[in-house]
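Remarks on the structure that follows.
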Amino acid sequence: MAIDKTSFFKDVYEVTKLIPKGKVTSYGAIGNYLGIKGSARMVGWAMNQAGNYPDVPAHRVVNRNGVLSGKHHFGGDNMQRLLENEGIKVVDDKIVDFKSKYWDPTVELGL
DNA sequence: ATTATGACTTCAC
DNA sequence: CGTGAAGCCATAA
């Protein structure tokens, strides 16, 4: 799969890379920022291909509940370890104080 | 071209 | 408040 052609994916990666350390965001938030609101699945698909982008911290992207929905896809519990490494506490596959660590691109980037 | 699946989200009961 | 089903866009077969 050639990647450079997927423009919308590229946007997802750019936003994901812009996520500050120790912060997290949700698929819907990125989707909303990109304008694909209602199709957070596509953001998830983008993350799936994120494996081709080592610079994309997919571990900072979780579902709306702050749950590491894709930790299994990420490569086991490696995702949780990365989050803890950034100062984010993860319990029961859920981010602790997710609301406080939430990073909304539509707000932080200034829609 | 059609059907099925997916790292999600939201409405409805 | 918890569980269930539908909606959404894109990729794969």
Side-chain angles (χ1 to χ4, degrees):
Chain A
M1 299 207 185
I3 333 178
D4 292 313
K5 303 276 197 135
T6 44
S7 47
F8 128 84
F9 275 36
K10 193 170 174 249
D11 282 342
V12 177
Y13 304 136
E14 264 189 73
V15 177
T16 306
K17 284 195 267 189
L18 282 169
I19 300 173
K21 183 185 171 218
K23 291 275 180 154
V24 282
T25 190
S26 57
Y27 303 94
I30 298 174
N32 187 10
Y33 177 73
L34 296 176
I36 61 174
K37 189 177 68 168
S39 297
R41 294 178 190 239
M42 300 300 84
V43 182
W45 264 116
M47 292 297 105
N48 188 351
Q49 293 186 58
N52 295 314
Y53 298 81
D55 292 318
V56 179
H59 60 272
R60 286 183 191 155
V61 184
V62 293
N63 64 354
R64 230 225 150 285
N65 244 333
V67 181
L68 281 57
S69 8
K71 93 156 190 195
H72 200 73
H73 275 268
F74 198 83
D77 305 306
N78 201 25
M79 185 175 182
Q80 179 173 336
R81 197 172 70 183
L82 284 165
L83 288 170
E84 289 184 335
N85 187 32
E86 304 210 342
I88 300 174
K89 251 188 206 148
V90 178
V91 178
D92 192 26
D93 296 346
K94 288 181 293 213
I95 294 175
V96 179
D97 202 1
F98 171 68
K99 187 173 67 177
S100 184
K101 295 178 165 62
Y102 185 59
W103 181 82
D104 192 347
T106 59
V107 176
E108 305 299 327
L109 296 179
L111 182 60

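Listed by chain and number, the residues in a side chain to side chain donor-acceptor pair (under 3.5 Å) with A/Arg81 are A/Asn78 (sequence neighbours excluded). Checked against side-chain contact (heavy atoms from CB on, under 4.5 Å), A/Asp97 has the following partners two or more places apart in sequence or in another chain: A/Ser100, A/Lys101.
Rounded to an integer number of Å, the gap from CG of A/Asn32 to P of B/dT9 is 11 Å. With rounding to whole Å, A/Asn48 atom CG is found 12 Å from C/dA12 atom C1'. Atom CG in A/Leu34 sits about 14 Å away from atom C1' in C/dA10, given to the nearest Å. Distance A/Lys37 NZ to C/dC8 C1': 12 Å, rounded to the nearest Å. Atom-to-atom, CE of A/Met42 to C1' of B/dA7 comes out at 11 Å; the value is rounded to the nearest Å.
Contacts of A/Asn63 with the nucleic acid, taken as non-hydrogen atoms under 4.0 Å apart, involve only primed sugar atoms and P, OP1 or OP2. Among the protein residues, A/Ala58 comes within range of the nucleic acid bases, having at least one heavy atom under 4.0 Å from a base atom.
In this structure, A/Phe74 and A/Leu68 have side chains that are not in contact, with every pair of non-hydrogen atoms separated by 4.5 Å or more. A 4.5 Å side-chain heavy-atom check between A/Thr16 and A/Asp55 finds every atom pair outside the cut-off. Looking at A/Ile19 and A/Val61, their side chains come closer than 4.5 Å, going by heavy atoms from C-beta outward.
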Please tabulate, one pair per line, all N/O donor-acceptor pairs under 3.5 Å involving side-chain atoms of residues 28-38 of chain A, not counting sequence neighbours.
none

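Here the OG-CG distance, from A/Ser26 to A/Asp104, works out to 7.0 Å after rounding to the nearest 0.5 Å. Atoms CG and NZ, on A/Asn63 and A/Lys94 in that order, are 10.5 Å from each other to the nearest 0.5 Å.
For A/Tyr53 (side chain) and A/Lys10 (main-chain N/O), no donor-acceptor pair under 3.5 Å exists by modelled atom type. Without hydrogens or angle criteria, A/Thr25 side chain to A/Trp103 main chain gives a donor-acceptor distance under 3.5 Å.
DNA chain B lies under 4.0 Å from at least one heavy atom of each of the following residues of residues 65-78 of chain A: A/Ser69, A/Gly70, A/His73, A/Phe74. Interface residues of residues 87-95 of chain A facing DNA chain B, ordered by number: none; criterion, heavy-atom separation under 4.0 Å. Within residues 17-30 of chain A, the residues that place at least one heavy atom under 4.0 Å from DNA chain B are, in residue-number order, A/Ser26, A/Tyr27, A/Gly28.
Salt-bridge formation is detected for the pair A/Arg60/A/Glu86: a Lys NZ or Arg NE/NH1/NH2 atom is positioned less than 4.0 Å from an Asp or Glu carboxylate oxygen.
Here the nucleotide nearest the side chain of A/Trp45, chosen from B/dT9, C/dA10, B/dA7, is C/dA10.
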